[in-house]
Every structure is written in structure tokens, then in C-alpha cells.
Amino acid sequence: MADHKYIAKPDHGADPAVLAYLVTAAAVLLLMMSFGLVMRLEQARLIDIGAMAFYELMTLHGAGMVGIAGIAGAAIMWHFLRQYVDLSKAIFLANLVLFVAGVAMILASVLLGNFHGAWTFLYPLPSKAMGMWSPAAAALFMGGLLVIGIGFLLLHLDVARAVIARYGNFSRALGWPQLFGVDDGNAPPPTVVAATMVTIVNVTALVVGATILVMMLVELYVPAFAIDPLLAKGMIYFFGHVFINATIYMAVIAVYEILPRYTQRPWKANKVFLASWTASTLMVLFIFPHHLLMDFAYPTWMLVMGHVIGYLNTFPILVVTGYGALMIVYRSGIRWDMASRLLFVSLFGWAAGAMPAFIDGTITVNYVMHNTLWVPGHFHTYLLLGMVAMVFGFMYYLGKPNQKADDDFLDRATFWAFTGGSLGFVLSFLYSGKESVARRYAAHLPQWVPYDRIGSLFAAVVFTASLVFVVRFLSRLRLAGRDYPRASLAHGTAM
Ligand code: HEM
Ligand SMILES: [Cu+2]
């Protein structure tokens, strides 16, 4: 069965395929950040690109960011999961190839075909463009998403196959024998538990997403094939909600794997840990109606379910992860370096972003806040300062020249620029939301513009800091692939 001495097991260099994922993610991330900055500058009235270009960039930014979050999360999951189960490299690479193909289709749809119906492709917008874009452009966009989704579906099915081959079934991979029976200390490692959860929820989400995409592609050319708009909206938000959440559940594996290597303390999948992941496996599938709280046409029970489960699901994994990280680090003599710092700040970002989400998940608050910048405020907090910080932490971990290498001044300064810049950037969104500034508006009222200008400044800092992180990573790409054991950094002891 599983090798339960997993904490001390040194991690060797990254596979070139993992590095290819990270380089792709980094390139798209920087491009999408620059689009984000341009959107903010437009709202701040510092440039004038016009509404059409704004919505095109917004569409690309949303789709691109969600896509690379998935790619980077998958890279982290695959890198660590491979220690425990036998994954297929061909499928891993096929996903990357499909991703790049899908991105090319999406770029063509938006830049050549002027599609700008947002990454949520909400029905019936793609087919009712009022002459703004052609059915072909909409088809190219939805086709691109479909191609990307099929790649991820293949990857998750391979993870499912590998996990079942090793553990027999999902319930054992989720640690149910230890959760519901006696904890014999043989629960699967946290990485396996997380990967199993992600596989279950993402396969479900991707099948639903692909279904609605195919339905809408048919409707595009055969309008008589009418789709129930409420059904379409529910399916889209189910898919979107689960997919973006799963990116964090994949990326957090970096925390479970790297902090124990730094402190030589095991991250044990105890009963509380297992219970949290099992609970979230279910809850993440049932809370998507929190996106529909303003839709009076939805059955009330669904909205109540979204509200209640939204409250409940905010905490379990976040708390076991935050508490676990504190216990691992507390008096461990950990050497703080860029990787451990970024991972630690990512937990803060994740937790901080969950709070405004929790508030907005309250029906009465949602009526006032939902279409304001409060919403981009909360999700940029846990995606930028949480998810993306985890990815940068993983990049620094892989690129560390040797166990004892210290970070130089540029790295440390950039860490603070990224953290401070991100905080300022998300606070400008949140504050605007509190002042009722609408989201997804290209043109802002004069009284909103001061917040947009502050936000633009911080966005420029975040972009610059991210550029330095990426350049650093690229310059250490050879080190990242090099084969030396990455472990045992506590007290500066060598291997
Ligand atoms: C420098 C960093 C970033 C900047 C400057 C930026 C900027 C923006 C802006 C201005 C918007 C539109 C807000 C509005 O509704 O008026 C937006 C939306 C969005 N951003 Fe970002 N962003 C950044 C990073 C990220 C990251 C890291 C992610 C995800 C990993 C992300 C995902 C999204 C999504 C999903 C939307 C929603 C698009 C929509 O409403 O259709 N962003 N961003
Ligand atoms: Cu959601």
C-alpha cells in the first residue's frame, strides 16, 4: 500500500512537462494581467480604448485567467501526485496541447471576430449579438472552451484511473476507512485526498460544462433548438463555480507538500482533515446557486441551499489548512525563503478572500452587492493573493539553486511589492463595491474614477512584481529541472 513515510521523501527535479505547463501559465498570466491593467486604466479614464475593446479584453482576461489557474493547478497536482500513483505523461501533455489550441481559438474569436460576451458565455448572449459578432465568432469561442474542457476531462480521468489502480476506489482514496472507522494511521497522504476530491468534482463540472457548450453550439446554428435559459444559467454557473474552486484545491497541494519538507514535520491526514475534504467534495457541488441569489425565478429551496451551504463550505478546508500550516511552522525553526513566504501569504490571501465572499453569500447582502466591484474584489483576493501566490511559491521552490541558498534583495523586495500591491489592488475593488460601483462597466461615473486610479497604480505594481517573479523563474528553469533532492531545509541542515 501507500508509502507513509511521505514527508521525508525528497522531491527531485521537475519533469520538463511540468515546466512546460508553468511556462505556458506564466506567459498567459502576464498577458492577462496586462489586459487587466488596461481595463483598470480605461475605467480610470487614463486611456481611451472604447467600450468594445474593454469588453473584448474582459472576455479574454476572464477566460484566460481561469484557464491558466487550471493549468498551473494541474501542474502542481501532477508534480506531487506522481510520487504516489502512476500517471500518464502522454495524457498530461495532451491536455497542454489542447489548452494551447483552445487558447488560439479564443484569441481568434475575440481579436478577429470581436466576440465579447464574457467568459461566462451566458445564454442567450452568444447567439443574440445584435450584429456585434458573428455566429462563427461565438462558435469559435465556445468551441475553444470545449477543447480546453476536453483536455482537462482527459487529465482528470487519468488521475481517477491512477488513484483507483492504487487505492481501489475513491472512498479509500478519500480516507473513509480512517474517517468513519479507526484511524490506523494509514490514511492516504493529503495530496491523494485533495486530488481525489478535485477529480470527483471537476469531472462532474466538466461534463456539465461540455454539455451546455454543445447545446449552445447547436442552438447557434439551429435557433429552433431552444434552451431553457434558467437551465443554461444553472449549468454554466455550476461548471464555472466548481472549475475555478478546483484550481485552488489543486494548488494547495503545494502547501501540503512543501511546508513539511521545510520543517521535517509530517502533514498527517487526520480525521478532521479527512472530514473537511469529504464534506467539501459534496458541498462544492451544491453551492453554485449563490451565483443566482438575485434570480427570483429560481426555486427558493435552491437559493436557500446556496446560501446555507455557501456559509458552511467557507470554512472546513480553509481552517484545517490554515491551522495545519501554523502547527507545522510553529517553533519548527523554519528558514523563511521565497517559496515558504509565498505559500504562507497565499493561505492568508485565500482566507482573506473567503470573508467578503461569505458576506456576499448572504441573500440580503447579495441584493445590494452582487453586481458591484465587491465581487471582483473578493475573487481577486483569493485568486491573486491565494492561488497565484501558491503558483509563484511553487516556482521558487523548484528554482531554488540549492538547499541553503538565500534570496537576494530583488526577490525580497518583489515579494513585498507583490503582497502590498495585491492588497491595495483588491482593497480598491472592495471599497468601490462598498460604494456601489457596478462591475463589468467599461465607463465609470466621475465620482468612481479616484478609486479606479488608485486601483490602476496598485495593478501596475502587481504586474511589475509578477514580471520579476516570472523572469526569475525562467532564468532558473534549468535548476528547476535539475535532479537534486529538495527537502530538509529546517535549521539549515543539509540533506
Ligand atoms: C494584475 C492583476 C490583475 C488585474 C489588474 C485585473 C483586473 C481586472 C479587471 C479590471 C476586471 C474587470 C472588473 C470589472 O468588472 O469592472 C477583472 C475581472 C476578472 N478577473 Fe482580473 N485582474 C488581475 C488578476 C486576475 C487573476 C490573477 C485572476 C484569476 C486567476 C483574474 C480573474 C478575473 C476574472 C475571472 C474576472 C471576471 C471577468 C468578468 O466579469 O467577466 N484576474 N480583472
Ligand atoms: Cu461560486
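By convention here, the first residue in the shown sequence is residue 1. Computed from heavy atoms alone, side chains included, the values below leave out hydrogens, waters and symmetry copies. Start at 1 and go down the list; that is how both ligands and their atoms are numbered. All of these numbers come straight from a predicted model, not from anything done at the bench.
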Give the numbers and elements of all ligand 1 atoms closer than 4.0 Å to a heavy atom of [X].
{"X": "A459", "result": "5 (C)"}
{"X": "G36", "result": "4 (C), 5 (C), 6 (C), 7 (C), 10 (C)"}
{"X": "V462", "result": "1 (C)"}
{"X": "L383", "result": "29 (C), 30 (C)"}
{"X": "W119", "result": "35 (C), 41 (O)"}

Review point. When rounded to the nearest 0.5 angstrom, what is the spacing between OG1 in T464 and CG in L30?
Key: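 With rounding to 0.5 Å, OG1 (T464) is 10.5 Å from CG (L30).
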Practice item. Go through the steps to decide whether F243 and F152 satisfy the test ring-ring contact (aromatic ring centres under 6.0 Å, His included), and finish with yes or no. Key: CA-CA 10 Å; F243 188 84; F152 276 100; 5.2 Å; yes
Check your understanding: Is it true that atom OH of Y221 has more than 12 heavy atoms of other residues, nucleotides or ligands lying nearer than 6.0 Å?
Key ->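 Yes, OH of Y221 has more than 12 neighbouring heavy atoms, counting only those of other groups under 6.0 Å.
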Check your understanding: Crowded around Y311 OH? As in, over 12 foreign heavy atoms under 6.0 Å?
Key ->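 Yes, the 6.0 Å shell around OH holds more than 12 heavy atoms from other groups.
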Between [X] and [Y], does the ring centroid distance fall short of 6.0 Å?
{"X": "Y396", "Y": "F415", "result": "no"}
{"X": "F358", "Y": "F315", "result": "yes"}
{"X": "F141", "Y": "F121", "result": "no"}
{"X": "Y21", "Y": "F99", "result": "no"}
{"X": "H241", "Y": "F288", "result": "no"}

Say whether [X] and ligand 1 are in contact under the criterion: heavy-atom distance to a ligand atom below 4.0 Å.
{"X": "L373", "result": "yes"}
{"X": "F379", "result": "yes"}
{"X": "M32", "result": "no"}

Review point. For the residue pair F394 and Y397, does the interplanar ring angle fall in the parallel (under 30°), tilted (30 to 60°) or perpendicular (over 60°) class?
Key: parallel
Looking at [atom], what's its closest protein heavy atom, distance included?
{"atom": "atom 11 (C) of ligand 1", "value": "M39 CE, 3.7 Å"}
{"atom": "atom 32 (C) of ligand 1", "value": "M65 CB, 3.6 Å"}
{"atom": "atom 1 (C) of ligand 1", "value": "M33 CG, 3.6 Å"}
{"atom": "atom 25 (C) of ligand 1", "value": "H380 CD2, 3.3 Å"}
{"atom": "atom 40 (O) of ligand 1", "value": "R440 NE, 2.7 Å"}
{"atom": "atom 27 (C) of ligand 1", "value": "V388 CG2, 3.7 Å"}
{"atom": "atom 4 (C) of ligand 1", "value": "F425 CZ, 3.3 Å"}

Can you tell which part of [X] has a heavy atom less than 4.0 Å from ligand 1: side chain, backbone, both or neither?
{"X": "T120", "value": "neither"}
{"X": "L37", "value": "backbone"}
{"X": "H61", "value": "side chain"}

Practice item. Go through V437 and F429 one step at a time and tell me if the side chain to side chain contact (heavy atoms under 4.5 Å, CB included) criterion holds. Key: CA-CA 9 Å; V437 178; F429 268 157; over 6 Å; no
Practice item. Might you work through the side chain to side chain contact (heavy atoms under 4.5 Å, CB included) test for R439 and T372, ending with a clear yes or no? Key: CA-CA 5 Å; R439 78 178 276 206; T372 69; 5.8 Å; no
Review point. Heavy-atom distance to atom 16 (O) of ligand 1: which of R40, R439, Q43 wins?
Key: Q43
**Study point:** Shortest heavy-atom approach to atom 38 (C) of ligand 1 - which of M58, M387, H116
**Key:** M58
**Study point:** H241 atom (N/O/S) at minimal separation from the Cu ion (ligand 2)
**Key:** ND1
Practice item. For the Cu ion (ligand 2), find the closest N/O/S atom belonging to H291 and write down its atom name. Key: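 Output for this pair reads NE2.
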Review point. If every non-hydrogen atom of L373 is compared with every non-hydrogen atom of S432, which pair is closest and at what distance?
Key: CD1-CB, 3.8 Å
